[in-house]
Every structure is written in structure tokens, then in C-alpha cells.
Amino acid sequence: MRLSVIGCGYVGLVTGSCLAELGHSVVCFDNDAAKAQMLREGHMPIYEPHLEELFLRNRQEGRLSLATEAGEAVRNADAIFICVGTPPLENGDADLSAIDRVARLIATESRSPKLVVEKSTVPVRTGQELKRALAVYGRNSGARFRVASNPEFLREGTGVEDFLHPDRIVVGVEDAETERQLREIYQPVLDGKFNCPVHPAGCQVTTEPSFVVTTIASSELIKHASNSFLALKISYANALAALCERLGANVEEVTRAMGLDPRIGPHFLRAGLGFGGFCFPKDIQAFIRLAERVGVDFRLLKEAEAINNRQIDLFVEKVRHALWVIRDKRVALFGLAFKPYTDDVRFSPAIKLAQRLVAEGAHVHAYDPKAMEKARAVLSEVVYEADPYAAARQADALIVATEWPEFTNLDWEKIRAEMARPLLMDGRNLFNPKEIRALGFEYESVGRPDGDSVGLVS
Ligand code: UGA
């Protein structure tokens with residue numbers, strides 16, 4: 001099928017490259033000229049495992065191309081995936097101006113029937129507005145438009161894997177023809193018939209994804225409801241962690257046992273510095289605002305958000321308690337990305353923490369395996385070190401703010417020897433407290449006051 005993808009961010013690049021990998025002919029477009037040029041030269045504007053390989057190979061094999069102007073991406077496509085950003089406005093609402101712009105563009109550039117698919121995370125009823133904009137601005141085009149919602153559930157860092165091995169593919173449609181067309185687009189994923197770039201030696205994933213067909217409104221709601229529920233789970237674990245610290249219990253032991261109940265499940269119960277990234281913080285806010293507008297006070301979500309904001313305060317308090325005075329202390333910060341396997345620092349708890357420490361007068365020396373370049377653009381008051389040992393040099397405390405597994409493979413005896421005081425404050429419960437204390441570190445983590453649990457990586 002001839003497809004186009006408008007917007008070359010995380011979602012657009014993964015969607016475009018994976019759709020091409022499934023055998024479709026895909027044209028991508030981004031109105032950011034610098035980003036488009038970078039892509040044309042074969043460079044990825046983001047780090048995402050397997051993406052570069054997929055993007056370059058599909059371009060080389062002729063299934064993926066980059067449009068130089070928007071009309072080119074619109075005119076020849078049977079279906080157009082809208083993957084533009086919906087960043088938060090000051091009041092928490094999602095900014096839908098990019099979607100509106102793309103809708104008007106599609107309406108005026110189309111000369112043949114189009115299926116327009118919203119993949120960007122949008123509040124309920126965006127589909128209705130999209131339809132209206134297409135009808136109004138496309139009234140002289142002679143084109144017929146159908147609209148569908150097809151939310152993405154990709155996690156940064158495992159985007160390609162999540163696209164090709166999803167639990168579910170959700171499509172919100174209004175007619176049978178749209179359902180048929182979307183099913184056809186995703187058929188190779190449903191049948192597991194593609195060469196998996198993530199598991200080249202043979203794919204172990206055997207579960208067939210569910211193809212869920214709903215109304216457009218339900219589909220739009222599923223996305224916000226899913227992200228908000230996951231955020232809620234994390235905040236629940238963090239509230240538990242605070243309780244554990246007061247009561248002498250261990251949050252990992254508690255959540256591990258809780259997670260064995262299939263009604264609860266083991267995922268997204270990891271206590272730490274809280275959730276960040278460009279999805280949960282903005283989606284939970286947009287969902288709260290959406291509920292408010294229709295007269296529902298979603299206090300449950302407001303509390304989840306408040307708990308998340310409090311995690312940084314609690315951790316800074318812990319640092320203050322350990323260091324006595326923060327001003328003029330040298331702090332090594334391990335991790336800047338909002339989670340491992342990504343270079344994304346948007347709404348990263350690690351960045352928030354660094355800003356707080358700098359504001360309190362600490363000298364922060366940071367290291368992250370992938371995110372230093374992006375961090376530099378938003379955080380200039382810290383020293384970026386080329387390697388973790390340099391970051392640890394003469395530090396009064398070392399804080400782990402992102403759980404990069406490779407941090408556990410460092411030479412921790414050497415790190416201890418580099419530090420002015422061997423104080424390790426683990427904001428992500430990455431370490432086994434017993435083992436790290438045995439190396440001579442003073443060790444603090446989140447919700448593990450006695451500290452003899454196994455740690456995330458043991
Ligand atoms: C999230 C969802 O997981 C995806 O399904 C969704 O498609 C995506 O948002 C989106 O809306 O585009 P992502 O933001 O990439 O994906 O990252 P997650 O892996 O969900 O992590 C989000 C944050 O929660 C991170 O800061 C992570 O450190 C934190 N987290 C996660 C915890 O603090 N504890 C946990 O147990 C799990």
C-alpha cells in the first residue's frame with residue numbers, strides 16, 4: 001500500500017521505517033527543514049535501537065523515501081499517518097495546532113480518496129474535529145476523506161520492537177472499508193510475517209497481537225487511559241516506598257509479591273525518582289484537563305501527578321540529610337535520560353534533580369552514555385564528563401538518576417577510590433545494597449531502609 005507519514009519524531013520515524021519494513025511503500029515528511037536534511041543525509045535525529053538500520057536499509061531498497069515538500073507526501077498516498085507532536089500548553093491542554101495544520105494541508109493537497117489516521121496522542125473528539133477540518137478545507141478538492149484513530153503504544157528505547165510485536169493494535173473506525181484497509185496495513189504484524197530486525201536469529205515472540213476495533217472516541221480514550229493508568233501504578237509504588245521508609249519495610253519485596261497476583265501484574269511498580277519523558281507527564285495532565293472540561297474532577301490522577309512531583313523533593317531532602325550542607329559539595333550525577341536506552345531528556349527526573357542541586361549550590365558533574373548532547377541544550381550549569389570515573393572524581397556524593405544497566409558493570413572499587421566521600425545515592429534502586437555496601441560505600445536508595453534486597457540488577 002502507498003502510505004505516508006507526516007512528522008519525523010520518535011513516533012513518525014519508527015512508524016515509517018516499520019511500515020516500510022512490512023513491505024509498504026512509505027513517504028515521510030517533516031516541516032523542520034534541518035531535521036529533514038539530516039535524515040536525507042542518512043543521520044538519525046534521535047537514538048533509538050534498530051531504527052537507523054531499518055531506516056537506511058528501507059531507503060536503500062526503495063520502500064522508504066523523504067518528501068521535499070508536504071504535497072508530495074499527501075498526493076500519492078492511500079493512507080496518511082499523522083505523527084506530529086501534541087506538546088502541553090501552559091494550562092496542561094494538548095496543543096493541537098500541528099494536527100490542525102496537517103489537516104488543512106491534507107485537505108487542500110489531496111486529489112484522490114484518502115484515509116487519514118491519527119497516530120499522535122490526542123484528546124477524545126480530535127477525530128471529529130479532524131473530519132470537520134478535512135471536509136471544510138477540502139470542499140473544492142474533489143477528494144473523499146475517511147478518518148481513523150490508531151494510537152501508538154511504543155516505548156522509547158524499544159519502539160521498533162513494540163511496533164513489530166505489539167500486545168494490541170487498536171483502530172477506531174467509522175466504516176468497514178477503513179477497518180479492512182487498516183487490517184491490510186498491519187496484516188504482516190498480525191501474522192508475524194516479516195524479518196524481525198530485533199531478533200535476527202529467530203523471533204521468539206509467539207503471541208498474536210489482538211486487533212481491537214472500536215469507535216474513534218473509544219480508541220482516542222484508550223491511549224490516554226492506558227498511559228494514565230501506568231503512571232498511576234508508578235505513583236502507587238512511590239507512595240508505598242515513602243511508607244516503607246517510615247515503617248522499615250522494603251518496597252521491592254512488597255511490590256514483587258503484589259505483582260505475582262495476575263490481577264495486579266509485575267510491571268510499572270518500580271519505585272524511584274518518578275516518571276518522566278514526553279508521554280506520561282503530559283498525557284496525565286491532558287487527561288485531567290479533558291475530564292475537567294466535561295465536568296469530571298479526576299482527583300485520582302491529580303494525586304498521582306502530585307506524588308510524582310514530590311519524588312524529587314523527597315530525594316533532595318535525602319541528599320541534604322546525607323550531605324548536611326549541599327552548597328559547594330561536588331555531586332556526580334549518573335544518568336540524564338528520562339529512562340535507559342534513550343537519549344531523550346524531556347521531562348527527565350534526572351534533569352529536574354540536577355537543576356534542584358545546582359540551585360542549592362552544588363557542583364554537579366554529570367555522565368550519561370547517550371543523553372549528554374541533548375542535556376547540554378537544556379542544562380548548561382553542570383559539567384559534562386566524558387566518562388563515569390571522571391564524573392566521580394573528588395565527589396562528595398554520587399547519584400544514580402537513570403537505571404542504565406551498564407552502570408552496574410563499572411569498576412566500583414575504582415569509583416570509590418576516586419570519590420572524596422564514598423556516598424552512593426541510588427534514585428533508581430539499581431544496586432544490590434548488600435553488595436555495594438560491602439565495597440565500602442555508604443548507600444541510600446528509595447523505599448529500602450534496611451537495604452538487603454536484591455536490587456534491580458544483582
Ligand atoms: C510510555 C508508554 O509506556 C508507552 O506504551 C506509550 O506508547 C508511550 O508512553 C507514549 O505515549 O508514547 P515511554 O514514555 O517511552 O512510554 O516510557 P516508559 O517505559 O513507559 O517509562 C515512562 C517513565 O516511567 C520513565 O521515566 C520511567 O523511568 C518511569 N517508570 C517506569 C518508573 O518510574 N517505574 C516503573 O516501574 C516504570
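All ligand and atom numbering here is 1-based and tracks the order in the structure. Along the sequence shown, residues carry numbers from 1.
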Polar proximity ligand 1 side, Arg270 side, N/O cut 3.5 Å exclusive:
yes

Test item: Ser445 side-chain N/O and Asn429 main-chain N/O as donor-acceptor pair under 3.5 Å:
no

Polar proximity ligand 1 side, Phe338 side, N/O cut 3.5 Å exclusive:
yes

Does this structure show an ion pair linking Arg270 with Glu252, if we count only N-O contacts that are shorter than 4.0 Å?
no

Counting heavy atoms only, which of Phe275, Phe268, Tyr10, Phe153 comes nearest to atom 20 (O) of ligand 1?
Phe268

What is the ring orientation for Trp412 with Phe431, classed by angle as parallel under 30°, tilted 30 to 60°, or perpendicular over 60°?
perpendicular

Centre of Phe268's six-membered ring, under 6.0 Å away, within 45 degrees of the axis: is that where NZ or CZ of Lys233 sits?
no

Does the side chain of Tyr443 come under 3.5 Å of the side chain of Arg448 through a donor N or O and an acceptor N or O?
yes

Which atoms of ligand 1 sit under 4.0 Å from any heavy atom of Glu156?
15 (O)

Between the candidates Arg428, Lys119, Lys339, which shows the shortest non-hydrogen contact distance to atom 21 (O) of ligand 1?
Lys339

Ligand 1 to Gly276 polar contact by distance, N or O atoms, under 3.5 Å
yes

Using a 4.0 Å heavy-atom threshold (strictly under), name the region of Thr342 that reaches ligand 1: side chain, backbone, both or neither.
neither

